[in-house]
Amino acid sequence: MNDRLKIASWNINSVRARIDIVERLLREEEPDILCLQETKVVNDIFPTAMFHQLGYTHQVLHGQPMHHGVAILSRVPMREDDRLDWQANGEPRHIGVQLENGFRLENVYVPAGGDIPDRTLNPKFGQKLDFVERMTRWSETLKTPTLIVGDFNIAPLESDVWSHKQLLDVVSHTPIEVEALAGMQAAHGWVDLGRTFIPAPERYYSWWSYRAKDWAASDRGRRLDHMWASPQLAAQATTHRVLEPCRSWTRPSDHVPLIVEFEF
DNA sequence: ATGGTTGGCACCCAA
């Protein structure tokens with residue numbers, strides 16, 4: 001195994017619609033592994049060729065028609081571990097792999113949770129909370145050093161959103177979601193690599209709505225995407241970056257990639 | 001206070 005490992009995570013909002021900017025990211029950043037969320041494609045027609053051409057010959061795909069979907073593309077060997085269904089409804093929102101150095105990589109797409117932050121009025125919000133609760137139980141059982149990355153759809157800290165007060169009732173930043181995520185973090189002692197390298201209260205966003213005239217000028221962002229590591233693995237992380245310029249690329253995703261590098 | 005955009009797919013749903 002290499003003594004360095006570079007991993008990227010990106011909610012791509014359709015890998016087919018954005019294959020050109022995925023290629024641009026791979027050429028510019030050359031990560032060893034890319035974790036994608038919201039691929040929105042069944043495995044049969046996943047655009048595997050571009051990844052193969054750039055050396056990402058190890059591919060673990062988990063998609064369905066229309067919605068959701070996750071994938072891991074890698075230049076280094078990996079072995080599929082599991083694909084957990086934390087909603088028990090068949091939606092493809094997780095894949096886990098084992099790398100040659102023994103550590104586990106988990107790629108997750110937490111449900112957005114709908115618009116109304118009340119599980120009695122909005123079942124999707126309840127499903128989101130249940131999903132995080134089951135991830136918490138799973139976190140308690142982990143023995144091997146693990147990195148979990150993806151779109152958690154929760155921005156926990158005040159400095160993770162453009163306005164803490166105005167988002168207190170907005171799904172992604174409600175106290176009940178923040179509390180649920182804190183419970184998951186405590187269940188394994190997960191280290192939030194984003195806030196290790198970019199400490200609060202520094203501004204840190206990974207998502208900006210499409211529904212803004214000028215996303216950069218209004219800058220109403222949220223930190224929905226995360227990279228969390230087991231303590232022993234977190235100690236090996238050397239860099240972490242948020243690739244904010246990708247939000248300005250042609251036909252962008254509404255999320256930007258996160259990058260982490262390890263030295264072993 | 002409301003509506004604003006996007007992708008997939010087949011008309012509006014989820015984000």
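Note that these values count all heavy atoms, side chains included, but never hydrogens, waters or copies made by symmetry. Bear in mind the structure is a predicted one, so any value in this text is a computation, not a measurement.
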Undergrad: Output the rounded distance in Å from CH2 (A:W207) to C1' (B:dT6).
TA: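 Between C1' of B:dT6 and CH2 of A:W207: 12 Å.
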Undergrad: List the atom of A:L34, the atom of A:L26, and the distance in Å for their closest heavy-atom pair.
TA: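 Nearest pair, atom of A:L34 first, then A:L26: CD2-CD2, 3.9 Å.
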Undergrad: Taking B:dA10 as the reference, what is the distance to B:dA14 when you measure between their P atoms (whole Å, please)?
TA: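 That atom pair is separated by 14 Å.
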Undergrad: Does A:K124 make a side-chain N or O approach to OP1 or OP2 of B:dA14 shorter than 4.0 Å?
TA: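 A:K124 to B:dA14 OP1/OP2: side-chain N or O found under 4.0 Å.
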Undergrad: Using whole Å, report how far CZ of A:R247 lies from C1' of B:dT6.
TA: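 After rounding, the gap between these two atoms is 10 Å.
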Undergrad: Side chain of A:R211 only, please: which of B:dG8, B:dT5, B:dG7 is the nearest?
TA: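 From the listed options, B:dT5 comes nearest.
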Undergrad: In this structure, how many angstroms lie between the C1' atom of B:dC13 and the CG atom of A:N13, rounded?
TA: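 Distance check: A:N13 CG to B:dC13 C1' gives 13 Å.
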Undergrad: Taking for each residue the nucleotide of DNA chain B with the nearest heavy atom, is it A:Y109 or A:A17 whose nucleotide lies nearer the 5' end?
TA: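 Looking at DNA chain B, the more 5' nearest nucleotide goes with A:A17.
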Undergrad: Mind running salt bridge (Lys or Arg N to Asp or Glu O under 4.0 Å) on A:E140 and A:R137 for me, showing each step along the way?
TA: CA-CA 5 Å; A:E140 289 168 348; A:R137 300 284 85 83; 2.9 Å; yes
Undergrad: Looking at B:dT5, I'd like to know if its phosphate oxygens (OP1 or OP2) sit under 4.0 Å from a side-chain N or O belonging to A:S209.
TA: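 So the side-chain polar atoms of A:S209 never come under 4.0 Å of the phosphate oxygens OP1 or OP2 of B:dT5.
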Undergrad: Looking at B:dA15, B:dT5, B:dA14, which one has an atom nearest to any side-chain atom of A:E38?
TA: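 The answer is B:dA15, which lies nearest to the side chain.
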Undergrad: Roughly, in whole Å, what's the span from CZ in A:R251 to P in B:dT5?
TA: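 Between P of B:dT5 and CZ of A:R251: 16 Å.
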Undergrad: Within the 4.0 Å heavy-atom criterion, would you say A:R222 contacts the bases, only the backbone, or no part of the nucleic acid?
TA: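 Contact class for A:R222: none.
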Undergrad: Expressed as a whole number of Å, how far does the C1' atom of B:dG4 sit from that of B:dA15?
TA: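 Each nucleotide's C1' atom is 14 Å from the other's.
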Undergrad: Side chains of A:T174 and A:E177: do they bring a donor and an acceptor to under 3.5 Å?
TA: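 A donor-acceptor contact under 3.5 Å links the two side chains.
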Undergrad: Tell me: CH2 of A:W208 to P of B:dA15, nearest whole Å?
TA: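 Checked: the CH2 to P distance equals 21 Å.
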Undergrad: Expressed in angstrom and rounded to an integer, what is the separation of A:N153 atom CG from B:dA14 atom C1'?
TA: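 Those two atoms, CG and C1', are 11 Å apart.
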Undergrad: Kindly give the heavy-atom pair with the smallest separation between A:M50 and A:V22, and that separation in Å.
TA: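 Scanning both residues completely, I find the closest heavy atoms to be CE-CG1, 3.9 Å.
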Undergrad: When the distance from CZ of A:F125 to C1' of B:dA15 is rounded to whole Å, what number comes out?
TA: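 Going from A:F125 (CZ) to B:dA15 (C1'), I get 16 Å.
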Undergrad: Less than 4.0 angstrom between a side-chain N/O of A:R18 and OP1 or OP2 of B:dT6, yes or no?
TA: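 No, because none of the side-chain N or O atoms of A:R18 sits under 4.0 Å from OP1 or OP2 of B:dT6.
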Undergrad: Take atom CE of A:M66 and atom C1' of B:dA10, then tell me their distance rounded to the nearest Å.
TA: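 One finds 9 Å between C1' of B:dA10 and CE of A:M66, rounded.
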Undergrad: In Å and rounded to the nearest 0.5 Å, what is the CG to CZ distance from A:D130 to A:F125?
TA: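 Separation between the atoms: 10.5 Å.
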Undergrad: Between A:E91 and A:Q64, which is nearer to the 5' end of DNA chain B once each is assigned its nearest nucleotide?
TA: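 Its nucleotide being nearer the 5' end, the pick is A:Q64.
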Undergrad: Using the side-chain heavy atoms of A:Y210, tell me which of these nucleotides is nearest: B:dT6, B:dG8, B:dA15.
TA: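 Of B:dT6, B:dG8, B:dA15, B:dT6 is nearest to the side chain of A:Y210.
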